[in-house]
Amino acid sequence: MKQLLTVLVMMFTSLTAFAQVTGTVSDAETNEPLAAATVVLKGTTTGVSTGFDGSFSISADAGDSLQVSFVGYETLTVAAVDGMVILLVPQTGVLGEVIVTSGVIDVAKVRETPVAVSTISPMEIGLKVGNQEFPEVMNRTPGVYATKQGGGYGDSRISLRGFDQRNTSFLINGQPVNDMENG
């Protein structure tokens, strides 16, 4: 009889040691469930996360302290009761609206002409290209491709961003240098 009583006491003790406390965690203002909120038995490393519906189940005795937290909400310490509903209050002073801006300006709005213009200064010509002819000077400008054709002075072709010489205009001191006959 003594042994039976001992076995019953041990079974009762083991059942109470593994008691499950269940509940839900929700927002105090909207009453929406908080998925992935953390519920930890205070003073231990035992904890769980709430499900998508805000529900949780943790091994704890009734009356144990549970610490409930969620990002952007005040941490709350409550006494464990089976079937409990925990309402978390949003933190004050949390980052609100975020506005993302770019430091890049729209070049099309800045320029006054509907076409792109590249200017090569005389100093740049003197430093970078020396005594090369005009198309070779242009070859150093982004988007320009110049090739020599016959080998003589002035026998070269220029393409600007894929357009050949029929669709471009080159000016030296405001004077056009394209030839109407051969480009």
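Owing to the predicted nature of the structure, the values given are computational and were not obtained by experimental measurement.
Taking both residues in full, the closest heavy atoms of G63 and A79 are given as O-CB, 4.3 Å, listed atom of the first, atom of the second, then distance. Residues F52 and A35 approach most closely at CA-CB, 3.6 Å, considering heavy atoms. The shortest heavy-atom contact between P33 and G54 is CB-N, 3.8 Å. Closest of all the heavy-atom pairs between D61 and A19 is OD1-CB, 4.0 Å.
Here the straight-line distance linking atom CD1 of I86 with atom CZ of F56 works out to 4.0 Å at 0.5 Å rounding. Once rounded to the nearest 0.5 Å, the distance linking OG1 of T92 with CD of E74 reads 6.0 Å. Note that CD of Q91 is 7.0 Å distant from OG1 of T75, once rounded to the nearest 0.5 Å.
Distance alone, capped at 3.5 Å, places no donor-acceptor pair between the T30 side chain and the D27 backbone.
At least one side-chain heavy atom of L88 sits under 4.5 Å from a side-chain heavy atom of L34. Residues L87 and N31 have side chains in contact (heavy-atom distance under 4.5 Å, counting atoms from C-beta outward). Between V39 and V25, some side-chain heavy-atom pair lies under the 4.5 Å cut-off. A heavy-atom distance below 4.5 Å is found between the side chains of L41 and D64. A 4.5 Å side-chain heavy-atom check between M84 and L66 finds at least one atom pair inside the cut-off. A heavy-atom distance below 4.5 Å is not found between the side chains of E32 and S26.
If you run side-chain contact (heavy atoms from CB on, under 4.5 Å) between S57 and each of T50, T22, V21, only T22 comes through.
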